[in-house]
K.L.:
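Below are the structure tokens for one structure; questions will follow.
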Amino acid sequence: MRLLVVEDERRLAEALKWGLEAHGFEVDVRHDGLEAVQAAETNVYAAILLDLQLPGLSGYRVCAEIRRTGNDVPILMLTAKSGEYDEVEGLDTGADDYLTKPFSYVVLVARLRALLRRTGQAPTQVVVGDLVVDGAARRCSRAGQRIVLTDREFAVLEFLGEHRETVVTRREILEQVWGWDFVGQENTVEVHISALRRKIDQPFGRHSLQTVRGVGYRLSGQDE
Ligand code: CA
């Protein structure tokens, strides 16, 4: 899947390209609003990551220009600080979602995948061994057996599933599932992980939801 990253801070643009390529995307980079409009006209992208403050044309203007040509490519706006992005203006100009810097790759990729799913461009199911997490139907099953999860448990599992076989940190889970403004108990994530293990692993004699000590958690199709 090919993405367009529009970001004038070159180091950040390079880092985004590198990080997204590591997640299996092909990435084109533009550093200027006018170049971005041109690139969107001449190429087909699965999604566009668009910085708000750009030379040439602002992110809002780029978005409006792209929509004006009838192009409905999903657009994820990147904003430098919270409060900078005007949601109403963003929606008016046709942006689909936005993300405030700094963000982790895990969060970025999860938001991007959610956006691609909403627009029918990414598979809605995550399969990890015999565990199936169906984000569209909100259903989970192991070896064909239905597992009932709460909304939060489902969100945590879906997030881990999207990053299967890689370690995600507690902070990343908190940011993704509970949001940036999370206030609450430090052990919230552990509580949900424990609950998930009681549902997706223990009844099946499995250890797919693994703790990586001092780092975070990993959902694996190869149970240790
Ligand atoms: Ca910028």
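Each ligand, and each atom within it, is numbered from 1 in the order the structure gives. We number each residue from 1, following the sequence as shown.
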K.L.:
What is the name of the N/O/S atom in Asp51 that sits closest to the Ca ion (ligand 1)?
P.N.:
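The closest N, O or S atom of Asp51 to the Ca ion (ligand 1) is OD2.
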K.L.:
So that I can check it, does any N, O or S atom in Glu7 come closer than 3.0 Å to the Ca ion (ligand 1)?
P.N.:
no
K.L.:
Confirm or rule out an N/O/S atom of Asp8, from backbone or side chain, lying less than 3.0 Å from the Ca ion (ligand 1).
P.N.:
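Given the 3.0 Å cut-off, Asp8 counts as a ligand of the Ca ion (ligand 1).
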K.L.:
Applying the side chain to side chain donor-acceptor pair (under 3.5 Å) criterion to Asp201, which one of Arg142, Gln210, His207 satisfies it?
P.N.:
Arg142
K.L.:
Check this for me, if you would: do Lys17 and Glu21 make a salt bridge, where the nitrogen-to-carboxylate-oxygen distance has to be below 4.0 angstrom?
P.N.:
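Yes, this pair counts.
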K.L.:
Salt-bridged, Arg118 to Asp96, with N to O below 4.0 Å?
P.N.:
no
K.L.:
Within the 3.5 Å criterion, strictly below it, is a donor on Tyr60 or Asp92 matched to an acceptor on the partner's side chain?
P.N.:
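No, Asp92 and Tyr60 have no side-chain donor paired with an acceptor closer than 3.5 Å.
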